[in-house]
There are 2 protein chains.
Amino acid sequence: MEGKSVAGRIHDAIHRLTSAEKRAARGLLGSYPTLGLAPVAEFAQQAGASSATVLRFVSQLGYKSYPDFQRALREELEERSKSPLQRSSASGGRARADEHFLDRFVTQAVDNLRGSAALIPASEFEAVCTRLAENRGACYLAGGRFTDFLAGYMEAHLRLVRPGVRRLDGRPATRADQLIDVRPGDLAVVFDVRRYDPSLVEVATDLAARRAQIVLITDEWMSPVSRFARFVLPCRTEIGRTWDANGSLFTLVEAVIARTTELSWPTASKRMGSIEKG
Amino acid sequence: MEGKSVAGRIHDAIHRLTSAEKRAARGLLGSYPTLGLAPVAEFAQQAGASSATVLRFVSQLGYKSYPDFQRALREELEERSKSPLQRSSASGGRARADEHFLDRFVTQAVDNLRGSAALIPASEFEAVCTRLAENRGACYLAGGRFTDFLAGYMEAHLRLVRPGVRRLDGRPATRADQLIDVRPGDLAVVFDVRRYDPSLVEVATDLAARRAQIVLITDEWMSPVSRFARFVLPCRTEIGRTWDANGSLFTLVEAVIARTTELSWPTASKRMGSIEKG
DNA sequence: GCCCCTCTGAATTTATGATTTCAGCATTGA
DNA sequence: TCAATGCTGAAATCATAAATTCAGAGGGGC
């Protein structure tokens with residue numbers, strides 16, 4: 001009972017509903033699930049029944065109150081948007097099973113990429129790149145178990161573009177030494193995806209205490225570091241397998257690097273030229 | 001103003017939101033639109049802010065009340081489910097020039113990803129993963145200046161899946177030591193993109209002399225290492241800027257890891273379990 | 001390092017929406 | 001046709017969620 005979808009419950013219950021209640025059921029199925037998310041009065045009106053009837057209908061489905069019923073609808077909606085299956089029907093005639101693993105994986109990765117672009121406000125992205133291009137103060141980078149390589153990749157590129165780039169390694173023993181020079185207004189880019197690394201929260205706490213501005217690059221579930229972050233760039237990573245996919249973070253990093261380079265081109269090009277020679 | 005999507009309004013408004021309000025904005029974008037359909041108190045709690053802040057946030061978006069805001073969300077949801085599924089994201093098919101840097105970059109990255117999938121024969125991909133999953137002999141990883149981080153990322157994951165994973169670092173001084181144990185039939189994954197790293201050719205030569213099987217992950221212009229490689233997985237990287245984009249390589253790595261994990265699941269799951277505990 | 005101003009969330013008030021009640025009406029069967 | 005049954009929705013009540021207020025915290029600027 002508990003675990004059934006609302007639509008499923010309607011189907012089960014429809015035969016013992018009274019006629020006005022059926023009107024409510026049809027109304028809901030007709031614009032599912034939106035109508036159920038509206039206030040009772042609106043639901044009633046749209047479905048051509050009274051509020052009282054709608055309430056009786058809901059209680060027939062086994063929900064102990066209208067808000068309870070709405071919560072179920074919301075959870076269903078959330079569930080649906082998380083599962084990657086949703087757009088299999090419609091336009092694409094081809095069978096999924098036909099595609100090769102790599103194709104399916106790439107399709108997922110593309111979705112994650114697009115989803116990430118939608119999740120990140122342009123202004124936030126721009127603000128981060130501008131701040132990176134300013135060359136004010138130092139810029140620290142830190143990552144977790146797997147994301148450390150992202151931090152490394154970013155560091156390697158950023159070094160070419162601006163001075164003062166440092167990487168914080170993960171060893172607690174050396175942390176104090178590394179953080180001692182952090183000054184107010186310095187920038188810190190922190191990577192953290194689930195399962196979130198507790199030590200990064202400590203690092204972030206420390207950085208925040210020293211008044212560094214934190215840029216957090218994380219997944220859609222949002223690392224706890226976000227509490228301390230000045231800027232947050234969340235990416236979609238879910239792919240429904242053993243591991244999440246960090247490809248979208250990687251591409252975000254490349255985008256940040258590219259944009260930062262663009263913004264600081266006069267400085268950066270000179271710098272890169274001289275590194276090339278030296 | 002009236003006709004804008006809620007997400008659109010958030011993007012427009014985010015720069016003038018206070019930090020607690022931004023938390024609300026991110027919370028909503030993170031589970032859009034469900035969180036906004038919940039009562040204020042729940043929204044607030046999930047987003048890590050107070051109800052008052054959520055209300056202020058909503059009013060910043062230009063809605064005159066919370067119910068008004070919820071109505072907008074419901075209408076959007078209704079709209080979405082009515083129009084054909086593949087509507088171009090949010091604001092419709094506006095001109096390229098209008099799009100922000102990140103959107104354009106992501107579009108490029110998506111092209112590269114698709115291009116890579118087309119460039120790599122399914123059989124080649126599958127053969128590599130199968131070979132990795134076999135757990136025969138050791139598996140060495142090596143990369144160049146920037147791709148070294150890809151090697152590191154792959155190593156970190158591969159270690160969880162199979163034994164005998166080693167990373168070759170770039171220092172010529174230690175190379176001989178590292179290669180001394182390579183035996184015929186061992187596997188070596190080499191990353192190389194332009195401008196190709198001469199030292200990788202040397203490493204590859206050496207590996208080939210010791211009869212290791214080389215898997216080369218490279219770009220569309222094909223590293224010279226390909227001469228020695230048993231398997232080649234080329235990716236599209238061109239993006240028409242200062243740097244090429246290696247996002248497609250990264251996603252390829254993730255795909256290889258995922259597929260390899262899948263193929264060696266009985267072994268891998270046990271191994272991962274015991275690492276988890278230990 | 002200090003002060004000022006803005007932001008924040010707990011507490012309170014107000015408003016709105018959910019629930020219940022009940023009189024009347026429709027339906028069904030004798 | 002008439003009674004009995006029980007469905008229905010208008011209106012009253014009750015509960016809960018939204019809006020407002022304000023004291024205190026925190027951040028930014030000088």
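Just so we're on the same page: letters track the sequence lines, and every chain starts at 1.
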Rounded to whole angstrom units, what separation is found between the [atom1] atom of [X] and the [atom2] atom of [N]?
| X | N | atom1 | atom2 | answer |
| --- | --- | --- | --- | --- |
| Asp68(B) | dA15(C) | CG | C1' | 16 Å |
| Glu42(A) | dT16(C) | CD | C1' | 14 Å |
| Leu17(A) | dT8(D) | CG | P | 10 Å |
| Gln60(A) | dT19(C) | CD | C1' | 16 Å |
| Gln45(B) | dA10(C) | CD | P | 12 Å |
| Glu21(A) | dG9(D) | CD | P | 10 Å |
| Leu37(A) | dG17(C) | CG | P | 15 Å |
| Arg23(B) | dC7(C) | CZ | P | 14 Å |

In 5'-to-3' order, the base (B), backbone-only (S) or no-contact (-) status of each nucleotide in nucleotides 10-30 of chain D, using a 4.0 angstrom heavy-atom cut-off, is B-------SSB----------
Just checking, any donor-acceptor pair under 3.5 angstrom between side chains of Thr237(A) and Asp219(A)?
no
Does either side chain, that of Gln70(A) or that of Tyr63(A), offer a donor lying less than 3.5 Å from an acceptor on the other one?
no
Identify the heavy atoms of [X] and [Y] that sit nearest to each other, and give their distance.
| X | Y | answer |
| --- | --- | --- |
| Ser248(A) | Cys235(A) | OG-CB, 3.6 Å |
| Gly185(A) | Arg131(A) | O-NH2, 2.6 Å |
| Glu124(A) | Val232(A) | OE2-N, 3.0 Å |
| Ala72(A) | Val6(A) | CB-CG2, 4.1 Å |

Does NZ or CZ of Arg9(A) fall inside the cone over Phe69(A)'s six-membered ring, less than 6.0 Å from its centre and within 45° of the axis?
no
Candidate list Leu168(A), Leu187(A), Val189(A), Val203(A), test side-chain contact (heavy atoms from CB on, under 4.5 Å), partner Tyr140(A), passing option
Leu168(A)
Check whether any side-chain nitrogen or oxygen of Thr53(B) sits under 4.0 Å from OP1 or OP2 of dC7(C), and answer yes or no.
no
Salt bridge (charged side-chain N to carboxylate O under 4.0 Å, His left out) partners of Asp186(A), counting only residues at least two apart:
none
Under 3.5 Å for both pairing distances: what stems, at least three Watson-Crick or G-U pairs long, include DNA chain C?
C:1-30 with D:1-30
